2 protein chains.
Amino acid sequence: MTASSGNAREALAALDPRLPLHARLREALTTRLRGGEWTPSEPLPAESELAQDYGVSLGTMRRVLTELVDEGLLERRQGSGTYLRRMQAQNSLFRFFRHHRQGDAVPTGRILTRETRPAPAEVARALGKRTGTKALRLHRLRSYDDEPFLVEDIWLPLPAFAPVRDVELTEIGDLLYPVYEQLCGLVIGSADEELWVELADAEVAELLGCAPGEPVVVVERVARTHAGDPVEVRRSRGLASTFRYRVEIR
Amino acid sequence: MTASSGNAREALAALDPRLPLHARLREALTTRLRGGEWTPSEPLPAESELAQDYGVSLGTMRRVLTELVDEGLLERRQGSGTYLRRMQAQNSLFRFFRHHRQGDAVPTGRILTRETRPAPAEVARALGKRTGTKALRLHRLRSYDDEPFLVEDIWLPLPAFAPVRDVELTEIGDLLYPVYEQLCGLVIGSADEELWVELADAEVAELLGCAPGEPVVVVERVARTHAGDPVEVRRSRGLASTFRYRVEIR
DNA sequence: GAGTGGTCTAGACCACCCT
DNA sequence: GGGTGGTCTAGACCACTCA
């Protein structure tokens, strides 16, 4: 047994043994891939070698690699090897950013308020928690070139998101999902969105720089982990007159 | 070998032998499933039995069944069996009907005008045709209980859609995609949609029963075949005040 | 308890890429 | 030619469902 195979086996043994082997293997591999051990230019070790390192059968290793390929994390090239997918940041971080404005520029995101509150009934239900459960609420303004275009109201369940409550606001960048991942270990994998139009109240009108009563588009998103657990409820409001939203349906 | 296993093996043998076994098996199984041999209430034969019928290994059968589950055609219930998924009609025909109104009711669709016209530049570009290419334009009103809620402007390239131009209007039901499939052999497989808000002009206002200048939501859809060829451009307008749109992002 | 899908293994052969 | 992923097989044991 080589040193590295020892490490790989240890990483696997450290995980909850009640989970199926393929689930533990998947978690161990994902952690290692996100850790930056490999670049998209060089192949991972061969499937057979990985299987040996982790002490699993080739079939189990192939099953997990297939899942990670389906998920968009890896890329297989027959005869050549298995590679990290390029543009992974675009995929994993921007995948849920659907408001279509000037090209692919990233808007800035400034957090206006951050407070702990009991979750309203509707939010608690969407998160699968009891009404009144403690939650973190973020009020956030997103802008292009200092021009506000989206007001966001974000609810995160506690204590899972306690690190987001405690971190310095200056540590939080323009995108939240990488923060969830790095501080809380939660990776967003899917979401439901619902859109409708309502009229701006005084607060939203002031933030967006329009008159109260002007139509605004509301996007309500419930974001889930890969396992399907809802972990974020987000309501975004933007001026209807300049709003664009794009979706690809497969 | 039983009679049915003979049939299953024959169905497999009739397919292009250059394809991998799992691809042939998948095609044979899909055809049989769509043929209505099983209902969602009764399980398919066990995986092991199916594998034997088709003369493939359990592993290969499981691989194909897993793919069909991922695709949404089947549903596995451990300890119980493998079942056709319910609401399959909803999936294949209503999959692109995203305007969310009272439950899962189907709105009626009435064609107001049908005419042959040169396609405007924007439409021609979306369809991958030259500007001015002949196209079929449908003007359509969709209602719930005789209450109009959506005005649709639909462009279809000719001559591919000539059968839709020539068929009696009374032969066209409330859903167009089954018509495309039956008359033209074109199956819609994916689509892009883009949403924005504009103000109702006189014609739209009259059809929707609102005042001119009221905000309406516009959904522009470019629908494609499974092969990815764009074959329909559709612009739908609905009253912003009652509009709801829902999407699942994976 | 009988039957189902879920997990995991071990090994064979092929198609493809690279040098 | 040597190594990679792709296909396919055979069989063992477990967890779950249902009568």
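Since the structure is predicted, the reported quantities are computational estimates derived from the model, not experimental observations.
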Nearest non-hydrogen partners of L15(A) and E27(A), listed with the distance: CD2-OE2, 3.8 Å
Name of the residue among R224(A), R221(A), R234(A) meeting salt bridge (Lys or Arg N to Asp or Glu O under 4.0 Å) with D192(A): R224(A)
Y83(B) OH - dT4(C) P separation (whole Å): 10 Å
Donor-acceptor contact present, side-chain R142(A) to main-chain D174(A), <3.5 Å: yes
Short side-chain donor-acceptor distance under 3.5 Å, T66(B) and R76(B): yes
Presence of R76(B) side-chain N/O under 4.0 Å of dG6(C) phosphate oxygens OP1/OP2: yes
Nearest listed nucleotide, side chain of V56(B), among dG5(C), dT9(D), dA10(C): dT9(D)
Under 3.5 Å: donor-acceptor pair, side chain of R24(B), backbone of L19(B): yes
Sugar-phosphate, base or nothing in reach of S48(B), heavy atoms under 4.0 Å: nothing
Distance, rounded to the nearest Å, where H22(A) contributes NE2 and dC14(D) contributes C1': 12 Å
Atom-to-atom span, CG of L25(B) to C1' of dT9(D) - whole angstrom: 14 Å
Between dG5(C) (C1') and L50(B) (CG): distance, integer Å: 12 Å
Base versus backbone protein contacts along nucleotides 12-19 of chain C [heavy-atom cut-off under 4.0 Å; B, S, -]: ---BBB--
Residue whose nearest DNA chain C nucleotide is more 5′ - A23(A) or T82(B): T82(B)
Proximal nucleotide (of dC8(D), dC8(C), dT7(C)) relative to the T60(A) side chain: dC8(C)
Distance in angstrom units between M61(B) CE and dT9(D) P, rounded: 10 Å
Distance in angstrom units between Q52(A) CD and dG3(D) C1', rounded: 15 Å
Sugar-phosphate only, base, or nothing, as touched by R62(B) at under 4.0 Å among non-hydrogen atoms: base
Gap separating the CD atom of E152(A) from the CD1 atom of I111(A), nearest 0.5 angstrom: 10.0 Å
Derivation of the side chain to side chain contact (heavy atoms under 4.5 Å, CB included) call for L138(A) and F161(A): CA-CA 12 Å; L138(A) 304 179; F161(A) 281 87; over 6 Å; no
Protein-nucleotide distance (L65(B), atom CG; dT4(C), atom P), rounded to Å: 13 Å
Spacing between E47(B) atom CD and dA10(D) atom P, to the nearest angstrom: 16 Å
